[in-house]
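These notes are about the structure you will find just below.
Every chain is numbered from 1, with letters handed out A, B, ... down the list of sequences.
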There are 2 protein chains.
Amino acid sequence: MGHMHDVQEPEQMLRSASLRVTKPRVAVINAVHSHPHADTDTVLAAVRETDPEISHQAVYDVLKVLTKSGLVRRIQPKDSVARYESRVGDNHHHVVCRSCGAIADVDCATGSAPCLEASNDNGFQIEEAEVIYWGTCLECQETAKAS
Amino acid sequence: MGHMHDVQEPEQMLRSASLRVTKPRVAVINAVHSHPHADTDTVLAAVRETDPEISHQAVYDVLKVLTKSGLVRRIQPKDSVARYESRVGDNHHHVVCRSCGAIADVDCATGSAPCLEASNDNGFQIEEAEVIYWGTCLECQETAKAS
DNA sequence: TGGCCAATCTTGACTCATTCAAGAAAAGGA
DNA sequence: TCCTTTTCTTGAATGAGTCAAGATTGGCCA
């Protein structure tokens, strides 16, 4: 049975963030890990495969708490509902397909925030550069070529 | 009275985009030009200073049409409602204040899309890099310092 | 181990930006 | 000027996300 990563890891993540270990939280962490860039509905559905009784509100609350404590990261490309991912703390970026909305990770070229210098900062103190690449995913390119 | 830029320019912009010239459209173009990065409500309020009878729906429709034809650009930083700006076609980016939501323009260092190379593109055909810098505006820095 | 208290969960209603729908009005070409 | 198509108005609907209040539960400490 190995090290039971499925069960123990989320628990430890919660504890190390000083959060209580509850069934909904563990289920949400597992769902986000196994469904990269999933929206809230997808997370909710995945969570209910484990425990059909968990409420929609609990999932929203848990996602908010996990986001605040940095255990998951919330991403919101325009024209999309909020999505969540488990890769945190490595300052990576995203590519979004204009056609189907698919999202993939892109490593940050420089490795650490803010990762880009602004050409003119208007007096702002800049902490982070968020980069979203827009384009067409492989699948949509092939669909387009076929027609 | 100069060249009456207030009135003629929007008209010509509309005509050159093959769009009909209507009072709401001219008013919305003027509002977006004079209120950089305004949200829909602000645009609506500005429009109603010119013509108090224009409906909220007309403004939404007009903004959508203008956006589609490239006369205005829609921006949507996360946790913010949609905002509009009149600077289009120059591939510039934005700085957003985490504290008060203020938005300012940042010129693109390279000048043309996609402006950044992705380190690994996952097979995506990349057309554009959208960059949002997150930080603290001058005013909020000073407020923070004062307390 | 038991009990307390704060944190968390459930249920259900609500908000608010944005969109939809159907009929009325107006722009622009013939 | 007339006709067709596009656009505008009015009013209702949608849907992601939030709020609120009471019930429940986890964790800490004796």
What's the CG-P distance between B/L66 and D/dT7, to the nearest Å? 11 Å
Starting at atom CG of A/L14, determine the distance to atom C1' of D/dT25, rounded to an integer number of angstrom. 15 Å
With clusters defined by side-chain heavy atoms of hydrophobic residues (ILVMFWY) lying less than 4.5 Å apart, directly or transitively, does A/V65 cluster with A/V28? yes
Span of DNA chain C engaged by chain B, first through last nucleotide within the 4.0 Å heavy-atom cut-off, is C/dA17 to C/dG28
I'd like to know if [X] pairs up with [Y] as an ion pair, taking the criterion as any Lys NZ or Arg NE/NH1/NH2 lying under 4.0 Å from an Asp or Glu carboxylate oxygen.
| X | Y | answer |
| --- | --- | --- |
| A/R48 | A/E53 | no |
| B/D107 | B/R87 | yes |
| B/R98 | A/E127 | yes |

Hey, is NZ on B/K68 packed in by over 12 heavy atoms from elsewhere, all under 6.0 Å? no
Over 12 non-hydrogen atoms of neighbours within 6.0 angstrom of NZ in B/K78: yes
Could you check B/E85 against B/H35 for side-chain hydrogen bond (donor to acceptor under 3.5 Å, both in side chains), going step by step and ending with a plain yes or no? CA-CA 8 Å; B/E85 67 182 355; B/H35 298 74; over 6 Å; no
Select base, sugar-phosphate, or nothing to describe what A/T22 touches, counting heavy atoms under 4.0 Å on all strands. sugar-phosphate
Identify whether any heavy atom of A/V65 sits under 4.0 Å from a base atom; if not, whether one sits that close to sugar-phosphate; answer base, sugar-phosphate or nothing. nothing
Has A/R20 got a side-chain N or O lying under 4.0 Å from the OP1 or OP2 atom of D/dT25? no
Could you list the cluster mates of B/I132? Members are the ILVMFWY residues connected by side-chain heavy atoms closer than 4.5 Å, either directly or through other members. B/I75, B/V96, B/I103, B/W134
Sequence-aligned protein contact record of nucleotides 15-21 of chain D, with B where the base is within under 4.0 Å of a protein heavy atom and S where only the sugar-phosphate is: -SBBB--
